[in-house]
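A short worksheet on the structure shown next.
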Amino acid sequence: MRIARFSIDGNVAFGAVEGDKPDELVLDIIKGIPFADFELSGTKVPLSKVRLLPPVLPNKVVAFGRNYAEHAKELGNEVPDAPFAFFKPSTSVIGPGDQIAYPSFSQELHYEAELAVVIGRMCREVPRERVKDVILGYTCANDVTARDVQKREKQWARAKGFDTSCPLGPWVETDLDPGDLTIQCTVNGQQRQLGRTSQMIHSIEDLIVNISEAMTLLPGDVILTGTPEGVGPLNVGDEVAVTIEGIGTLTNKVIKRG
């Protein structure tokens, strides 16, 4: 099931996305929230009539760096022996079609296409064999990074946590095997990244076991799983799109920060 979060006539709701052709997609409005038992209302709205929002509003975004060997290599970094985590704040999250505001303190903004895992239930110290039980589904993410700031500062809080640096969407796909999916990033229609989730150094199970040893994960929390090689610059006016097999495409435009 594809679960979207959307706004219509000033109201926010979740809905199940139905249909195959982009111009014929509809939303069956969900009674309740997707993190508990819910029913479909049967009330359907054309996707073209709503504004898609970030599919979840996470309490926290836990991101894992250097989880693809070729990406670590292209930036001159060693591959970590264990998962390497950092955070993006909830205020960094935007949705499909929202604008990425180029931060005034950076001169080198980069895209990073990633598979995002959405947590479906509160959990802590998750055993490997139970990881699938705590996952609601998967969505597309762009770990937008002020690369010059990342290189200059020891902490990555500003480089990766600024407002609008975490586009998510367009929806959460709940029925998906994430083991070997194509991840692609384009800028202005030109392909910049092309990789597969099977290239991850540490699996999704590794990542969730690792972080849940340290902290409680809440429904709606998001885990970013790393980016393939091919990261590069974004400029004001660029349109960047992340496409993941079996999920869809997340598109955002870069604007000058006001």
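Only a predicted model underlies this, so the values are computations on that prediction, with no experimental measurement involved. We're numbering straight along the sequence, starting at 1.
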SG on C140 to CD on Q184, rounded to 0.5 Å = 11.0 Å

key: Check: D28 side chain, G42 main-chain N or O, donor-acceptor pair, under 3.5 Å   = yes

key: Donor-acceptor under 3.5 Å (D238 side chain, V240 main chain)   = no

remark   = So OH of Y68 and CD of E114: to nearest 0.5 Å the spacing works out to 8.0 Å

task = Take atom CZ of R124 as the centre, draw a 6.0 Å sphere, and report whether it contains more than 12 heavy atoms from other residues, nucleotides or ligands.
result = no

Joint cluster assignment, L115 & L194, ILVMFWY side-chain distance < 4.5 Å = no

message = K60 vs M215, test: side-chain contact (heavy atoms from CB on, under 4.5 Å). Steps then yes/no.
response = CA-CA 11 Å; K60 54 187 171 291; M215 65 191 66; 3.9 Å; yes

request  = Give a yes or no on whether the backbone of V254 and the side-chain of Y102 come within a donor-acceptor separation of less than 3.5 Å.
outcome  = no

inquiry  = Between W156 and F84, is the ring pair (Phe, Tyr, Trp, His ring centres under 6.0 Å) condition met? List the steps.
reply    = CA-CA 12 Å; W156 294 1; F84 176 76; 5.3 Å; yes

ask   = Is any side-chain N of the basic residue among E18 and K44 closer than 4.0 Å to the acidic one's carboxylate O?
value = yes

query = Any side-chain donor paired with an acceptor under 3.5 Å for Q150 and R147?
reply = yes

query = Is N142 reaching over with its side chain to a backbone N or O of P167, donor-acceptor style, under 3.5 angstrom?
reply = no

remark   = Residues P178 and T197: closest non-hydrogen pair is O-OG1, 2.7 Å

message = So for atom CZ, which belongs to R130, do other residues, nucleotides or ligands contribute more than 12 heavy atoms lying within a distance under 6.0 Å?
response = no

key: Heavy atoms of other groups near R128 CZ, more than 12 under 6.0 Å   = yes

ask   = Do M200 and T225 come close enough that some side-chain heavy atom pair is under 4.5 Å?
value = yes

Short side-chain to backbone donor-acceptor contact, Q193 and I183, under 3.5 Å = no

inquiry  = Looking at D163, is its backbone amide N or carbonyl O close enough to the side chain of S92 to form a donor-acceptor pair, meaning the two atoms are under 3.5 Å apart?
reply    = no

remark   = Smallest heavy-atom separation, H110 atom then L234 atom, equals C-CD1, 4.1 Å

query = Atom CD in E173, atom CD1 in I247: separation rounded to 0.5 Å?
reply = 7.0 Å

message = With a sphere of 6.0 Å drawn around CD of Q191, does it hold more than 12 non-hydrogen atoms of other residues, nucleotides or ligands?
response = yes

key: Main-chain N/O of L136 paired to T174 side chain as donor or acceptor, under 3.5 Å   = no

message = For D23, is the CG atom crowded, meaning more than 12 foreign heavy atoms sit under 6.0 Å from it?
response = yes

ask   = What distance separates R121 CZ from L218 CG, expressed to the nearest 0.5 Å?
value = 13.0 Å

inquiry  = Under a 3.5 Å distance rule, please check whether K88 uses its side chain to pair with a backbone N or O of K160 as donor and acceptor.
reply    = yes

request  = Determine whether the side chains of T182 and E245 contain a donor N or O and an acceptor N or O closer than 3.5 Å.
outcome  = yes

query = Quick one: CG on N67 to OG1 on T227, what's the gap to the nearest 0.5 Å?
reply = 10.5 Å

message = Between L168 and I94, is there a side-chain heavy-atom distance shorter than 4.5 Å?
response = no

key: Geometric cation-pi criterion, R158 with F105: 6.0 Å, 45°   = yes

key: Criterion side-chain contact (heavy atoms from CB on, under 4.5 Å) on V12 and L53, from CA distance to verdict   = CA-CA 9 Å; V12 175; L53 302 173; 3.8 Å; yes

E229 side chain vs E74 backbone, donor-acceptor pair below 3.5 Å = no

ask   = Would you call V62 and L224 a side-chain contact if the rule is heavy atoms closer than 4.5 Å?
value = no

task = Hey, could you give me the CG/CZ distance between L27 and F14, rounded to the nearest 0.5 Å?
result = 12.0 Å

query = Can you find a pair of side-chain heavy atoms, one from V134 and one from L217, that are under 4.5 Å apart?
reply = no

ask   = Do T251 and E239 get their side chains close enough for a donor-acceptor pair, meaning under 3.5 Å?
value = no

query = Is a salt bridge present between D175 and R2, judged by a nitrogen-to-oxygen distance below 4.0 Å?
reply = no

message = Is it the case that atom CD in Q155 sees more than 12 heavy atoms from other parts of the structure closer than 6.0 Å?
response = no

ask   = So do the side chains of V93 and V56 get within less than 4.5 Å of each other, counting heavy atoms only?
value = no

ask   = Has the side chain of S165 got a donor or acceptor atom that lies under 3.5 Å from a matching backbone atom of F162?
value = yes

task = Would you sort out whether I100 and I255 count as a side-chain contact (heavy atoms from CB on, under 4.5 Å), showing the intermediate values?
result = CA-CA 6 Å; I100 299 167; I255 64 167; over 6 Å; no

key: Ion pair D98/R51, N-O distance below 4.0 Å   = yes

